[in-house]
Amino acid sequence: MLRIWSTLVFIEKEKLLINQLEPLTEQQLLAINNLQQSSQQAEDALSQGMKALQQSLAETLAGSLGPSGSSGNVANYMG
């Protein structure tokens, strides 16, 4: 019984809090939308940069193998 009462008190407090919160203004919603778009653009740019870095690293490592296919100093690149 105490658990039910505690749950009901929590629900009532939650309703009270929600009623006191004001909805977001149009300006706040626009700012959130702009932030989401900027974040997506930054994520896309980072992804493209990582792909370019991986390609460059692959080309560097492939170039260090030389025409004979020997590993040369590849171990140095890999740490």
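This structure is a prediction, so every number in the text was calculated from the model and none was measured. All values below come from the heavy atoms of this structure, side chains included, with hydrogens, waters and symmetry mates left out.
Note that the OG1 atom of Thr25 and the CD atom of Gln28 stand 3.5 Å from one another [nearest 0.5 Å].
In the displayed structure, Glu26 atom CD is contacted under 6.0 Å by at most 12 heavy atoms of other residues, nucleotides or ligands.
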Please table the atom pairs, donor to acceptor, closer than 3.5 Å between any side-chain atom in residues 40-56 and protein atoms at least two apart or in another chain.
unit_1 : atom_1 : unit_2 : atom_2 : d
Gln40  : NE2    : Asp44  : OD1    : 2.9
Gln55  : NE2    : Glu59  : OE2    : 2.9

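For Gln36, the side-chain contact (heavy atoms from CB on, under 4.5 Å) partners two or more places apart in sequence, or in a different chain, are Ile32, Asn33.
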